[in-house]
Engineer: 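One structure coming up, written as structure tokens, with questions to follow.
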Amino acid sequence: MSQDELKQQVALAALKYIKPLLQPDAIIGVGTGSTANFFIDALAELKHDFKGAVASSDATAERLRGHGIEVFDLNEVSQLAVYVDGADEANRKLELIKGGGAALTREKIVASVAKMFVCIADESKAVETLGAFPLPVEVIPMARSSVARAIVALGGNPVYRVGVVTDNGNILLDVHGLSITNAKEMEAKLNNIVGVVTNGLFAQRAADVLLLATLEGVKTLT
Ligand code: 5RP
């Protein structure tokens, strides 16, 4: 089974998992990336069972609208029944690295207001220790060099993601060389650097459920 087939399989499992949470007035949060895209395409089938969605990126908003799913501004919404999104890495505590698709800030905001965060991934994303995937950090453009120096002082090797501007108009540093044994602490330290908008560690708000597609089927980890 290819990686895309695993992603599609887990997207379908997510649809089944969240179906009981869908009600006519429910608004759900939807993430960004290729796994999230499979989920959005599957979600279209249930579009009459819920009110609409909040998107974690412009690309996701466009895809949702393309399926006739209404997209709401988060400021119009007080609570999201569930947030479904992919990840670049997930550990056993369901702490994540996200942001490979550059949408980490909006993803973290949407996840923070969701009652439940369902992470969907193929088994290549499951790790013992976070950090082999370079950790994305969104930075205000004028602070690129000062933030990079502060990250080096923390033991990381920041690499500017050339040519990428986030939906918020900022730049990204991908931090190599970290072995993250205390994800909550690292998340807080990085957020404390002046000029950092957010970082791709989802530890303070980890996933509640990880649906992991494997060759033996989809595993549900909590
Ligand atoms: C986007 C993300 C994605 O969830 C992450 O990069 C995983 O992407 P994919 O499902 O394409 O493997 O955090 O910012």
Side-chain angles (χ1 to χ4, degrees), residues 1-15 18 28-43 53-64 74 80 82-91 94-112 114 116-127 130-139 159 161 163-176 178 180 183 187 190 196-214 218 221:
M1 199 179 278
S2 70
Q3 192 178 22
D4 270 356
E5 284 168 334
L6 289 173
K7 288 179 179 188
Q8 187 160 33
Q9 191 184 61
V10 79
L12 294 174
L15 195 68
I18 68 154
I28 67 169
V30 182
T32 298
S34 55
T35 317
N37 281 345
F38 281 119
F39 173 73
I40 295 167
D41 295 347
L43 185 65
V54 169
S56 67
S57 65
D58 293 343
T60 288
E62 197 179 317
R63 199 174 188 101
L64 287 163
L74 185 60
L80 299 171
V82 64
Y83 177 58
V84 180
D85 196 1
D88 299 300
E89 282 186 351
N91 69 14
L94 309 193
E95 296 167 333
L96 314 171
I97 285 184
K98 292 185 45 55
L104 59 157
T105 298
R106 294 190 190 187
E107 290 173 339
K108 203 176 268 198
I109 294 168
V110 180
S112 76
M116 179 187 284
F117 177 5
V118 178
C119 183
I120 51 174
D122 65 85
E123 60 188 343
S124 71
K125 309 294 184 66
V127 297
L130 298 170
F133 187 92
L135 175 64
V137 179
E138 181 164 353
V139 177
V159 176
R161 205 184 293 182
V164 174
V165 176
T166 69
D167 286 352
N168 313 307
N170 297 313
I171 61 107
L172 289 170
L173 296 175
D174 291 311
V175 185
H176 296 245
L178 294 175
I180 304 168
E187 184 177 5
L190 288 167
V196 167
V197 177
T198 197
N199 69 82
L201 277 170
F202 283 56
Q204 290 166 27
R205 204 292 180 242
D208 299 302
V209 181
L210 172 62
L211 299 178
L212 193 66
T214 75
V218 176
L221 307 177

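One-based numbering, in listed order, for ligands and for the atoms of each.
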Engineer: Pull out every atom of ligand 1 sitting under 4.0 Å from any heavy atom of G86, numbered as shown with elements.
Structural biologist: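 What qualifies from ligand 1 is 4 (O).
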Engineer: Using a 4.0 Å cut-off to any heavy atom of E107, which atoms of ligand 1 qualify?
Structural biologist: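 Heavy-atom distances to E107 below 4.0 Å select 1 (C), 2 (C), 13 (O), 14 (O).
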Engineer: What atoms in ligand 1 come closer than 4.0 Å to a heavy atom of G99?
Structural biologist: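 Answer, ordered by atom number: 2 (C), 13 (O), 14 (O).
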Engineer: So which protein heavy atom does atom 9 (P) of ligand 1 come closest to, and at what separation?
Structural biologist: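 Sorting protein heavy atoms by distance from atom 9 (P) of ligand 1 puts S34 OG, 3.3 Å first.
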Engineer: Numbering the atoms of ligand 1 from 1, which are under 4.0 Å from a heavy atom of K125?
Structural biologist: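 Result: 7 (C), 9 (P), 12 (O).
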Engineer: Pull out every atom of ligand 1 sitting under 4.0 Å from any heavy atom of T32, numbered as shown with elements.
Structural biologist: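 Under 4.0 Å from T32, ligand 1 has these atoms: 1 (C), 2 (C), 3 (C), 4 (O).
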Engineer: Give the numbers and elements of all ligand 1 atoms closer than 4.0 Å to a heavy atom of D88.
Structural biologist: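 By the 4.0 Å cutoff, the relevant atoms are 5 (C), 6 (O), 7 (C), 13 (O).
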Engineer: Taking a cutoff of less than 4.0 Å between a non-hydrogen atom of the residue and any ligand atom, is G31 in contact with ligand 1?
Structural biologist: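 It does not, in that no heavy atom of G31 comes within the 4.0 Å cut-off of ligand 1.
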Engineer: Below 4.0 angstrom from a heavy atom of G33, which ligand 1 atoms are there? Numbered from 1 as shown, please.
Structural biologist: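 Atoms satisfying the 4.0 Å criterion: 11 (O).
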Engineer: Is atom CD of E62 surrounded by more than 12 heavy atoms (other residues, nucleotides or ligands) closer than 6.0 Å?
Structural biologist: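 No - once you tally the heavy atoms of other residues, nucleotides and ligands closer than 6.0 Å, there are 12 at most.
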Engineer: Are any non-hydrogen side-chain atoms of I28 and L80 less than 4.5 angstrom apart?
Structural biologist: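 The answer is no; the side chains never approach within 4.5 Å.
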Engineer: Whether the side chain of D122 engages the backbone of S124 through a donor-acceptor N/O pair (distance < 3.5 Å, no angle test) should be reported.
Structural biologist: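 Yes: the side chain of D122 pairs with the backbone of S124.
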Engineer: Would you mind running through ligand 1 and noting each atom that sits below 4.0 Å from a heavy atom of A102?
Structural biologist: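 That gives atoms 14 (O) of ligand 1.
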